Amino acid sequence: MYSIVLSCILGFLILESQHGVQSWSLNNFLMTGPKAYLTFSQSVAAGAMHGMEECRHQFLWDRWNCPESSLPMFTQNALERANRETSFVHAISSAGVMYTLTRNCSLGDFDKCGCDDTKKGDQGGEGWKWGGCSDNVNFGERVSKMFVDALVTGKDAWAVMNLHNNEAGRKAVRQTLKRTCKCHGVSGSCTTQTCWKQLSEFRVIGDFLKRKYGNGLLVDYVRGGLEKANSASEQALSPLSKKDLVYLEASPDYCRVNVSAGSMGTVGRECVRGTKKSKDEQGKWEKQSCKRLCSTCGLKVKKTKVIEKSSCNCKFHWCCSVKCDECQQEVTKLTCQT
Amino acid sequence: MAGAVLENLSTRKLIALCVVLLLFQAAFFMLGGIIAPSPTTAYPHLTNKCVDTGKHRHKQQWFIPWGEFACEKIVDLEDAIEQEIVANQIVFSIEIPNRPNKMSRWFQYILTVMDITIAYHNENPLGPDPVITMEISLGYRNEGDAPGDWKELIKTTEERKLECTFDRPLIPESNDYTYHCDPMPFMELGSCHHDYYLINIRVPVHEHKDINLDLGKLQDIHIIEIHQNGGFTKVWFALKTFVTPLIIMMTIWFWRRVCALNRQSVLMERTILALGISLIILDLPIEWLTLSVDIPFMLLISDIRQGIFYSMLLSFWIIFAGEHLMDQTERNRLSVYWTQVTAIVFGCTCLFVFDMCERGVQLSNPFYSIWITDTGKNLAMAFIIVAGICASLYFMFLCYMVYRVFRNISVKKTALPAMAKARQLHYQGLIYRFKFFMFFTLLCAAMTVIFFIITQVNEGRWKWGEEHTVEVNSAFFTGVYGMWNIYVFAVLSLYAPSHKDPRKYESTVQNGDVSGSSNEEYELRRTLTDSAATEEPSELYRMTGKTAQD
């Protein structure tokens with residue numbers, strides 16, 4: 001049953017990507033599917049998109065900038081790659097799916113969620129009355145696993161690696177959960193204390209996975225499992241953690257165009273040059289982007305002056321800005337040129 | 001209180017009693033740890049962002065997150081700008097509980113915590129000392145009612161101070177990162193009488209009134225709902241229903257023993273009776289009523305009942321130590337203990353006033369919390385600090401008194417061989433009684449503290465093999481509750497006057513001696529003037545009786 005739904009999503013995603021449309025309404029495609037899966041698959045698609053958006057944000061100033069074509073669902077039948085970047089894409093999209101499912105569960109979007117898997121809580125009947133239900137995060141994790149891991153077929157090195165990275169993505173969501181407690185005993189004392197876990201914002205998960213990407217491990221496929229490569233070093237002797245991102249092959253040179261390797265090259269990419277010193281790590285990375293994207297790739301930096309219209313002097317409310325002026329601003333744009 | 005059951009009980013019987021009580025104790029712990037689920041569960045809800053299109057201006061309109069009468073929703077507040085929706089049109093809405101469940105009266109209470117997500121935007125940062133003003137309506141519906149038929153429970157306007165921090169530099173690059181805001185107390189319902197609850201929250205902006213102007217970029221409102229698990233309530237009710245008749249029987253038995261003495265009861269006995277009665281008050285399972293009647297003040301009553309019991313327990317300790325002081329002062333009057341009892345009463349009154357300010361006011365407005373305003377916070381802290389000072393004063397008194405008792409014990413012990421037989425026996429009885437009591441009390445107190453620490457440190461659930469889990473929190477509640485019941489039960493049974501040797505009581509009454517201390521005084525006078533030859537036969541009987549038993 002899942003396979004029908006999944007192939008629908010897949011077909012839809014491919015279709016949409018060809019048209020470059022970014023609206024992800026699956027209604028027309030999935031009306032035939034069972035109702036429960038319909039609602040889940042919408043969230044799954046939205047979650048995967050959310051993951052990819054975050055991927056693009058995280059790699060905005062890197063040579064590889066998370067192009068649309070790197071969404072794992074697209075590459076199902078295409079040439080498989082197994083480098084550091086693919087590992088990130090797999091992790092962030094699986095995290096995105098888990099995140100969105102969890103969030104939608106706590107919104108009450110689904111007929112049933114969170115309450116349907118533990119032995120204590122069955123379907124809101126006596127189980128819920130007796131001991132409550134499992135939390136929404138468990139639900140998100142389980143359904144994400146069901147949907148995303150099902151996309152990985154076969155039992156080869158590629159499959160094992162992708163499953164590992166999908167899991168690492170979900171672990172990242174778990175590891176960034178915030179735990180909060182409330183004391184509500186007699187006179188507000190802590191004799192009775194109840195704790196719960198909540199999702200961090202998705203940006204935090206993106207940052208977390210970007211760090212994991214930096215510390216990604218090159219692995220070998222040995223006897224159906226993964227082992228750290230360069231096993232001569234002492235570090236390699238420790239077992240592989242489920243939380244780490246792993247990859248099987250080295251990344252291509254992202255300076256040059258190599259479509260089969262998944263590289264679009266950096267020609268035409270916009271970059272930023274640092275004028276003032278930035279204190280935080282991310283700012284520094286951003287300010288060095290012209291050097292990284294253009295200079296070290298043997299490209300020149302081209303300056304163009306553009307007049308941009310934007311709203312300014314806005315008066316904000318907590319939601320929905322109101323009363324903006326329209327300003328025209330001359331902006332200098334830097335791009336990499338041959 | 002001469003000749004308690006404890007002194008006349010044979011070692012074998014005493015051990016048997018201890019074993020039975022220990023078995024009960026183990027059963028209480030297992031009841032909570034194995035049968036009951038965790039005491040409470042928290043359910044994080046994310047509010048749906050409904051849009052008020054203004055179609056039904058004329059009547060009270062509810063914004064329902066799902067179902068037949070679901071409101072128009074937007075997923076992301078960013079979408080609102082395109083659709084020309086303004087802040088005043090947005091209604092945050094949640095229904096408790098999530099589909100497909102319904103609430104149960106077994107849940108006893110509902111309390112909710114509010115967690116607001118605010119994103120940083122360099123042009124629209126959070127202002128200094130931000131206050132959020134909300135128009136809240138709380139509605140309920142029961143199974144069998146029409147789907148859109150929500151009835152209003154309360155409608156109110158509430159303010160909450162936001163306590164938020166931002167741990168990144170305030171530059172455009174930090175946009176979209178969120179502030180860390182402390183969760184705020186939101187609502188507390190003392191009863192869970194209906195099947196479904198609906199909360200609608202508006203955050204209106206009024207420029208001329210300067211309301212909700214510098215809230216930053218509000219993204220989400222999370223409401224975390226907490227209630228007591230039905231299974232825990234059932235186990236709890238069962239426990240209370242089981243112990244109540246036992247304690248009632250024991251208290252009646254104790255008092256009949258005292259009345260059978262042909263003399264006025266002494267302070268010690270009256271205190272133990274009061275302790276028994278206060279425990280009966282605590283135990284009485286009046287919570288059963290909540291299953292059929294809506295009693296929002298049940299939480300308050302429970303707090304008061306607990307307060308009565310604990311203040312009685314503390315008074316009992318002081319009086320017990322005082323009556324075993326073995327110095328030559330006449331006590332047996334409550335006024336002797338006025339300092340300690342004042343500390344207890346004052347401390348408890350403070351906590352009571354605080355509780356009335358919090359839970360009492362919540363009866364009329366469940367969204368009220370004393371902690372949300374600065375004055376309220378200070379006042380609450382003042383009450384708690386005063387109560388804390390009273391508690392520490394009390395424990396200093398108690399420790400000093402216990403220290404004096406032990407000092408007197410060691411003095412008496414060295415003097416013991418030189419004493420007359422009767423006096424020796426009398427003091428031995430006092431010492432034995434006191435030491436047993438001290439040991440028992442310390443054991444109970446230590447167990448309470450240890451289990452409290454365990455529940456605070458642990459995640460709440462212990463794995464026991466593959467399948468079994470032990471609910472530490474539930475075990476703590478049932479175990480400690482059962483333990484104090486056993487404690488009072490043991491005190492009632494072991495410190496009741498013994499009727500093993502009725503002649504002895506007659507003699508003491510004849511001499512006008514009723515309490516341990518006055519008895520001692522009498523003996524002291526007597527031993528000063530008299531020799532061992534004129535000892536009363538009753539004391540001799542008692543001695544021989546006791547050695548025979550041992």
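By convention in this document, chain letters (A, B, ...) are assigned in the order of the sequence lines, proteins followed by strands, and residues within each chain are numbered from 1. Because the structure is predicted, anything quoted here is derived from the model rather than measured.
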Fit a plane to each ring of A:F59 and A:F88, take the angle between them on a 0 to 90° scale, and name the class: parallel (under 30°), tilted (30 to 60°) or perpendicular (over 60°).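 Perpendicular, since the angle between the ring planes exceeds 60°.
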Name the region of [X], side chain, backbone, both or neither, that has any atom closer than 4.5 Å to a heavy atom of chain A.
| X | value |
| --- | --- |
| B:T47 | backbone |
| B:D220 | side chain |
| B:F477 | side chain |
| B:V203 | both |
| B:I85 | backbone |
| B:E123 | both |
| B:L213 | both |
| B:E78 | neither |

Is NZ or CZ of B:K234 both nearer than 6.0 Å to the six-membered ring centre of A:W130 and within 45° of the ring axis?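 No, B:K234 does not sit over the ring of A:W130.
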Roughly how far, to the nearest 0.5 Å, is the CD1 atom of B:I118 from the CD1 atom of B:I221?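 Taking CD1 in B:I221 and CD1 in B:I118, the distance rounds to 9.0 Å.
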With B:N98, which residues qualify under side chain to side chain donor-acceptor pair (under 3.5 Å), at least two apart?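 So B:N98 forms no side chain to side chain donor-acceptor pair (under 3.5 Å) with any residue.
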Within the 3.5 Å criterion, strictly below it, is a donor on A:Q198 or A:W196 matched to an acceptor on the partner's side chain?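 Checked: A:Q198/A:W196 side chains pair up, N/O donor to acceptor below 3.5 Å.
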Chain B contact via [X] - which portion, at a heavy-atom distance below 4.5 Å:
| X | value |
| --- | --- |
| A:C195 | backbone |
| A:D109 | both |
| A:T180 | side chain |

Flag the pair A:F40 / A:F139 as yes when their ring centroid distance falls below 6.0 Å, and as no otherwise.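 Aromatic pair counts; centres sit under 6.0 Å.
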